[in-house]
There are 2 protein chains.
Amino acid sequence: MKQNSNVPAFLTKLWTLVEDSDTNEFICWSQEGNSFLVMNEQRFAKEILPKFFKHNNMASFVRQLNMYGFRKVMHIDTGIVKQERDGPVEFQHPYFKHGQDDLLENIKRKVSNARPEDTKIKQEDLSNILASVQNVNGKQESIDSRLNTLKRDNEGLWREISDLRQKHSQQQQIIKKLIQFIVTFVQKNRIMGLKRKRPILLNNNGKKPKYIHEIYDEPPLEHNKVCVEV
Amino acid sequence: MKQNSNVPAFLTKLWTLVEDSDTNEFICWSQEGNSFLVMNEQRFAKEILPKFFKHNNMASFVRQLNMYGFRKVMHIDTGIVKQERDGPVEFQHPYFKHGQDDLLENIKRKVSNARPEDTKIKQEDLSNILASVQNVNGKQESIDSRLNTLKRDNEGLWREISDLRQKHSQQQQIIKKLIQFIVTFVQKNRIMGLKRKRPILLNNNGKKPKYIHEIYDEPPLEHNKVCVEV
DNA sequence: GGGAATATTCCC
DNA sequence: GGGAATATTCCC
């Protein structure tokens, strides 16, 4: 036994125990040297185990074997599992072999429930998710405030539109009345016979003159009648 | 000892050991019976401990005491901590008292690192946070789409306002020209001497008649001149 | 065969 | 004094 540093006590003790020819009556290598057998469990537990471990229970011994990944070798005769009471039990592990204590360091004890890694990963995930939440929350607030601004803008725009529509409608009324007034006035003064070469034009800043029915939003009821240029 | 079910082996063994008058040479109650003393550590560890535990190390014994919340009682003489080698050491726990084994069930072993609870809580938190993230994400999308709708609305409103303002301005121009026309027309026909009792009124649906400077957006330049009702 | 609590060891 | 790995026990 060289590497008593890395290899757990259970493995070195077990390997020593199996190698030891003094205990061959109770525990020894199989013929091929790649597994070991326990004979006479009762006496092995009470007489041999306490010499190497702090107990004399076969169950505790087997528990450790399982913790280190040993498997019980099943003995099958003519298709039926042999279940002799107090018959030899055999255990095997790929790195537990006769004369090869250098392989022992490859045998790893199972960690109870891998919680350490789990918890660490969880902690990382937690931090990531938390950061993500706060990021999204920040964006949410930003969007919310933009939304509120837009809503206020919108309300203002609606008010302005309402205002403009009302003004527009009032202007339409005014235009209508002005035109009615003009029409009435012109009719009353027609007798004067004031002739012009061209109809009266309103100053339109050099742009195309408008017909009265173009200024007016509603289509003219009687087209022929309302062709007076203004 | 009744409740050998609930109380860990270490506590019942320790209590028995301290109560046992056969071992009083090495371990016994203090005078008040609310703490115990260990005399002659070396012999106690090698001779007494193995009779009750699976080891003969004082350190392991003390480790267990610490695991169960026992505290070493400090002996202070004249302001200086006594640190005698091999002098008696004293340990105390509020629920470890002479003759009161019924208190032992109140002594709780420290859990190694509270990972079980930790992990469970973490898992819960994780689920909660995840749900929260998805909730916020959902809201985000909803708000985003509302935002886009509002933006489109807003653009439409701006277009309408621009349109209405243009119409308004055009109408103002028309009204201005109509009035100019009327003024010109009236002036040209003044010689006619067409007299009325009241100025011409546009039909205003029974409402208060408007003065021309009220219809017109701009304030009248010469107030006295523009008092013509329309 | 293995989960989980307690016990022992090793180490800081 | 206590963290952490290994060992032992108890239990499913």
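Every value quoted in this text rests on a predicted model; they were computed, and no experiment measured them. Protein chains get the first letters and strands the later ones, always in sequence-line order, with residue 1 at the start of each.
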State whether [X] places a side-chain N or O below 4.0 Å from either non-bridging phosphate oxygen (OP1 or OP2) of [N].
X: B:N57; N: C:dT8; answer: no
X: B:K54; N: D:dT9; answer: yes
X: B:R63; N: C:dC10; answer: no
X: B:Y68; N: C:dT6; answer: no

Output the rounded distance in Å from [atom1] ([X]) to [atom2] ([N]).
X: A:K110; N: C:dG1; atom1: NZ; atom2: C1'; answer: 7 Å
X: B:H55; N: C:dT6; atom1: NE2; atom2: P; answer: 16 Å
X: A:M58; N: D:dT8; atom1: CE; atom2: P; answer: 14 Å
X: B:F10; N: C:dA5; atom1: CZ; atom2: C1'; answer: 16 Å
X: A:R109; N: D:dT8; atom1: CZ; atom2: C1'; answer: 10 Å
X: A:F53; N: C:dA7; atom1: CZ; atom2: C1'; answer: 16 Å
X: B:K72; N: D:dG2; atom1: NZ; atom2: P; answer: 13 Å
X: A:Q64; N: D:dC10; atom1: CD; atom2: C1'; answer: 15 Å

With heavy atoms under 4.0 Å as the rule, sort [X] into base, sugar-phosphate or nothing.
X: A:F61; answer: nothing
X: B:A59; answer: nothing
X: A:F70; answer: nothing

So among B:L103, B:L65, B:L14, which one has a side chain to side chain contact (heavy atoms under 4.5 Å, CB included) with B:F96?
->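 Passing option: B:L14.
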Give the nucleotide from the list D:dG1, D:dT6, D:dT8 with an atom nearest to the side chain of B:R71.
->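 Given the options D:dG1, D:dT6, D:dT8, the side chain of B:R71 is closest to D:dG1.
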Should the pair B:E32-B:K97 be classified as a salt bridge under the 4.0 Å nitrogen-to-oxygen rule?
->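 No, this pair does not count.
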Check for a donor-acceptor pair, side chain of [X] on one end and backbone N or O of [Y] on the other, with a separation under 3.5 Å.
X: B:N57; Y: B:A59; value: no
X: B:Q64; Y: B:F10; value: no
X: B:S30; Y: B:S35; value: yes

